[in-house]
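Here is the structure we will look at.
In this chain, residues are counted from 1 in sequence order. FYI, side chains are in, hydrogens and waters are out, and symmetry mates aren't considered; it's all heavy atoms of this structure.
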Amino acid sequence: MALRIAVLRETAADEARVAATPETVKKLTALGATLAVERGAGLGAGIADSDYEQAGAQLGERAGVLAGAAIVLAVQAPDPATLAGTALGAWVIAAFDPFRRGDMVAAYAAVGLEALAMDWMPRITRAQSMDILSSQSNLAGYKAVLEAASAYGRAFPMMMTAAGTIPAARVFVMGVGVAGLQAIATARRLGAQVSATDVRSATKEQIQSLGAKPIFVEGVAGIEGEGTGGYAGETSEEYRRAQAELVAGHIAKQDIVITTALIPGRPAPRLVTDAQIATMRPGSVIVDLAVEAGGNVEGAVPGEVAERHGVRIIGHRNMPSRLAADASALFARNLHNFLAAFWDKEAGRPVLDAEIGDAIRLTRSGQVVNPRLSQ
């Protein structure tokens, strides 16, 4: 009997993505699985139920889709209380945000489900095609610039007209990971004058390669190379003071600021203070991509566009969901690549190895098993 994979309609607020597309339904079916998709699952991403049916999926309501499912695919991990009817020990593959949603992880253990957190995929070469954080952050960085351009009351590129010259917008990107690099590239394509900063010295060359100006603290050591998992880590108090002084002088001259800094398992670092916002020109715009993790910007409000000192602070939740079609396509491919990489033809199901399996497995056999959650 073919392994049954259930694809659920997302229920979280501000979530328009879906965990499988007709493309990945076909590919998973070719591996030997049976795909069951909850009705309406793809509507937010522009995918009709009929598209899934044509790809070979079964359509149904949630209870029917989950009945006997050995694997459940979702974008954001669903409430385990809504997953009744799955096979014993079924895998739930989704983004779990385990550090901030510990109670939900415990609930998964209590009902005997095996929670696999795709947002804890190790950042190793062979897992790059499975990395949902990278694929979604890439789109978030792009969309952040578009949101800023929409809210900004002026043009981005320099324009020379018979009536005079319009200067280029000045964009400052704080945090040069995947989202930050895409924000730099997008702002440059729109014609802005771009600068960027990061605590990791290795990013200076990346910033320059995209045609932006690096803004770095000199004479005080930040972080050499990458932190754990490709993220920045904590810096010294001396470095933070020096960076705050440098940023304060630079930020006053900027029209757009985009912040992207996150530290796994900790609140987002505060990068922009109210006093610094007050030095910016009225009409300027800040986009805080870390707003859901506590925010990089003082005064940023999750899910709202706040205003301080005449500066708009955009705090949209779930920025990738604002590009739901493309975000879903990439997310779904990440999940397919993960399942395909471990698919055992003889077993008729994926069999995980220790390196990746132990990194992303949160619960198993009624227990919370990931060591990161017991530290």
Side-chain angles (χ1 to χ4, degrees), residues 6 8 10-15 17 19 71-83 86 89-124 127-128 130-137 140 177-179 226-234 260-269 289-296 302 317-321 327 331 334-335 337-339 342 350 352-375:
L8 300 185
E10 299 296 314
T11 58
D14 305 311
E15 185 55 83
R17 294 171 292 176
I71 295 178
V72 177
L73 303 182
V75 177
Q76 296 193 43
D79 182 343
T82 68
L83 300 179
T86 60
W91 291 4
V92 180
I93 303 173
F96 277 81
D97 195 3
F99 285 130
R100 286 193 288 163
R101 303 183 73 186
D103 290 346
M104 188 184 67
V105 174
Y108 267 83
V111 298
L113 293 168
E114 188 162 329
L116 300 177
M118 293 297 288
D119 41 340
W120 275 14
M121 185 64 64
R123 289 195 159 175
I124 55 178
Q128 285 180 345
M130 314 169 194
D131 186 353
I132 64 168
L133 293 183
S134 290
S135 72
Q136 304 303 292
S137 294
V178 174
E226 300 286 343
T228 303
Y231 289 92
E234 292 282 7
T260 73
L262 291 167
I263 301 174
R266 300 180 182 229
L289 284 179
V291 69
E292 292 176 90
N296 297 144
R317 298 179 189 272
N318 195 355
M319 194 69 83
S321 186
F331 192 101
N334 291 146
L335 267 56
N337 293 338
F338 167 64
L339 291 171
F342 293 104
L352 301 185
D353 65 13
E355 183 177 31
I356 289 179
D358 292 351
I360 68 172
R361 186 182 295 108
L362 305 180
T363 62
R364 180 186 243 176
S365 303
Q367 301 292 323
V368 176
V369 296
N370 197 292
R372 293 176 68 184
L373 293 173
S374 59
Q375 292 173 355

So, [X] side chain and [Y] main chain: donor-acceptor pair closer than 3.5 Å or not?
X	Y	result
Asp119	Asp97	yes
Glu114	Arg361	no
Glu15	Ser321	no
Asn318	Asp14	yes
Thr363	Ala115	yes
Ser137	Ser134	no

Smallest separation among heavy atoms of [X] and [Y], with atom names:
X	Y	value
Val75	Glu10	N-OE2, 2.7 Å
Tyr108	Pro78	OH-O, 2.5 Å
Leu73	Ala19	C-CB, 3.8 Å
Ala268	Asn296	CB-ND2, 3.6 Å
Arg17	Gln76	NH2-NE2, 4.5 Å
Leu339	Pro350	CD2-CG, 3.8 Å

May I have the step-by-step check of side-chain contact (heavy atoms from CB on, under 4.5 Å) for Ile132 and Met121, ending in yes or no? CA-CA 8 Å; Ile132 64 168; Met121 185 64 64; over 6 Å; no
Under the criterion side-chain contact (heavy atoms from CB on, under 4.5 Å), I'd like the reasoning laid out for Leu83 against Leu8: C-alpha separation, chi angles, the key distance, then a yes or no. CA-CA 10 Å; Leu83 300 179; Leu8 300 185; 3.6 Å; yes
Under the criterion side chain to side chain contact (heavy atoms under 4.5 Å, CB included), which of Asn370, Leu113, Val369, Leu116 is the partner of Leu362?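 Among Asn370, Leu113, Val369, Leu116, the one that satisfies the side chain to side chain contact (heavy atoms under 4.5 Å, CB included) with Leu362 is Asn370.
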Could you go through the side-chain contact (heavy atoms from CB on, under 4.5 Å) check for Leu133 and Val178 one step at a time? CA-CA 9 Å; Leu133 293 183; Val178 174; over 6 Å; no
Between atom CZ of Arg364 and atom CG of Asp358, what is the distance when rounded to the nearest 0.5 Å?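 Output value for this atom pair is 8.0 Å.
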With rounding to the nearest 0.5 angstrom, report the CZ to CZ distance, Arg372 to Phe99.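 One gets 4.5 Å once the value is rounded to the nearest 0.5 Å.
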Are there more than 12 heavy atoms of other residues, nucleotides or ligands under 6.0 Å from atom CG of Asp103?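 No, because the 6.0 Å sphere around CG of Asp103 holds 12 heavy atoms or fewer from other groups.
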Output, in order, the C-alpha distance, side-chain angles, deciding distance and verdict of side-chain contact (heavy atoms from CB on, under 4.5 Å) for Arg101 and Phe96. CA-CA 7 Å; Arg101 303 183 73 186; Phe96 277 81; over 6 Å; no
Are the side chains of Phe338 and Leu352 in contact, using a 4.5 Å heavy-atom criterion?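 They are in side-chain contact.
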